[in-house]
Amino acid sequence: MAKKKLTLAVVKKAAGVGGYAEVPVKFKSENGEEFEGHVLVKRLSHNDRIKSLDEWNLGDKSKITVDHVTRAYVFASIYSKEDEKFFPDIETTGDVSPEFVTALYVASEAINDFSGKSWISNQKNSGVNSSSMESVEEPLKKQSKE
């Protein structure tokens, strides 16, 4: 593979920042039946993630909870159409069931890898750094009895 000169534009394009993917979402309806549909998930930049937390207007970032982060990421990344967010404002992310918010977060996680699990898994499976994971120490030799 030929080496490419990296520029911001090349990296953004390669990472797909700002692009959309149609992703299925499943949750249970009020009568307990599985309900399925599709949403568009926007691939967020790092700045998009950070700015999404500002939607809460908390001022003191130490007051941000896991629920705030989850709902902020859902608000920033879930769309009905490319030019139309699913939720009109961040507060409306609380107008649906927690199960649905979680389903949307999982859909967004599949595209945005917020937790880094996909990246870590790919690193382990690719073998790229397998040599760095091997022990460089020799096994300890048993002391001989004198």
Side-chain angles (χ1 to χ4, degrees), residues 1-140:
M1 178 160 80
K3 292 183 181 180
K4 293 184 180 187
K5 179 163 175 74
L6 294 179
T7 64
L8 179 58
V10 168
V11 171
K12 284 175 69 174
K13 184 175 180 174
V17 171
Y20 296 86
E22 190 172 276
V23 179
V25 176
K26 295 179 184 178
F27 64 99
K28 291 193 183 206
S29 68
E30 70 175 312
N31 60 5
E33 293 178 9
E34 189 173 274
F35 192 88
E36 183 176 353
H38 288 82
V39 294
L40 290 178
V41 177
K42 182 178 182 182
R43 185 173 299 275
L44 301 176
S45 69
H46 182 71
N47 283 338
D48 292 335
R49 293 179 191 190
I50 300 303
K51 288 177 185 175
S52 71
L53 298 173
D54 294 338
E55 292 289 331
W56 289 110
N57 294 318
L58 293 177
D60 182 0
K61 297 247 185 193
S62 69
K63 295 184 188 241
I64 292 175
T65 66
V66 171
D67 182 62
H68 286 125
V69 172
T70 301
R71 290 172 51 193
Y73 286 176
V74 163
F75 174 70
S77 65
I78 304 297
Y79 283 69
S80 298
K81 296 186 267 184
E82 287 191 18
D83 60 346
E84 181 182 303
K85 285 189 174 193
F86 189 91
F87 297 101
D89 58 64
I90 198 157
E91 287 296 327
T92 56
T93 59
D95 291 347
V96 295
S97 71
E99 179 188 9
F100 184 64
V101 172
T102 299
L104 292 176
Y105 181 83
V106 168
S108 188
E109 168 73 19
I111 301 302
N112 287 295
D113 194 24
F114 299 123
S115 65
K117 288 180 185 178
S118 293
W119 185 83
I120 292 168
S121 178
N122 287 338
Q123 293 301 306
K124 287 181 180 178
N125 293 334
S126 72
V128 170
N129 291 323
S130 62
S131 63
S132 66
M133 298 186 75
E134 294 173 6
S135 176
V136 292
E137 296 178 14
E138 290 184 28
L140 294 175

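Below, each value reflects all heavy atoms present in this structure, side chains not excepted, and no hydrogens, waters or symmetry copies.
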Any residue meeting side-chain hydrogen bond (donor to acceptor under 3.5 Å, both in side chains) with Thr92, in chain and number order, not counting sequence neighbours: none
Residue pairs involving residues 62-78 (criterion salt bridge (charged side-chain N to carboxylate O under 4.0 Å, His left out); sequence neighbours excluded): Asp67-Arg71
Quick one, Asp95 with Phe87, criterion side-chain contact (heavy atoms from CB on, under 4.5 Å). Give me CA distance, side-chain angles, the key distance, then yes/no. CA-CA 9 Å; Asp95 291 347; Phe87 297 101; over 6 Å; no
Sort and list the pairs that fulfil salt bridge (charged side-chain N to carboxylate O under 4.0 Å, His left out) and have at least one residue in residues 52-61, not counting sequence neighbours. Asp54-Lys61
To the nearest 0.5 angstrom, please state how far the NE2 atom of His46 sits from the CG atom of Asn112. 13.0 Å
Test item: Leu44 and Phe114 side chains (from C-beta on) under 4.5 Å apart, heavy atoms: yes
Output side-chain donor-acceptor pairs under 3.5 Å for residues 30-42, partner residues at least two apart or in another chain, one line each.
| unit_1 | atom_1 | unit_2 | atom_2 | d |
| --- | --- | --- | --- | --- |
| Asn31 | OD1 | Ser29 | OG | 2.4 |
| Asn31 | OD1 | Glu33 | N | 3.3 |

Hey, are the side chains of Ser45 and Asp48 touching, using non-hydrogen atoms and a 4.5 Å cut-off? yes
Would you be so kind as to tabulate the donor-acceptor pairs closer than 3.5 Å made by side chains of residues 76-85, with sequence neighbours excluded?
| unit_1 | atom_1 | unit_2 | atom_2 | d |
| --- | --- | --- | --- | --- |
| Ser77 | OG | Tyr73 | O | 2.7 |
| Ser77 | OG | Ser108 | OG | 2.7 |

Residues two or more places apart in sequence or in another chain: which of them pass side-chain hydrogen bond (donor to acceptor under 3.5 Å, both in side chains) with Thr65? His68
Just checking Phe100 against Phe27, ring centres under 6.0 Å apart? yes
Any idea which heavy atoms bring Phe75 and Thr93 closest together, and the distance? CB-CG2, 3.9 Å
Which heavy atom in Ser52 sits nearest to a heavy atom in Ile90, and how many Å separate them? O-CD1, 4.1 Å
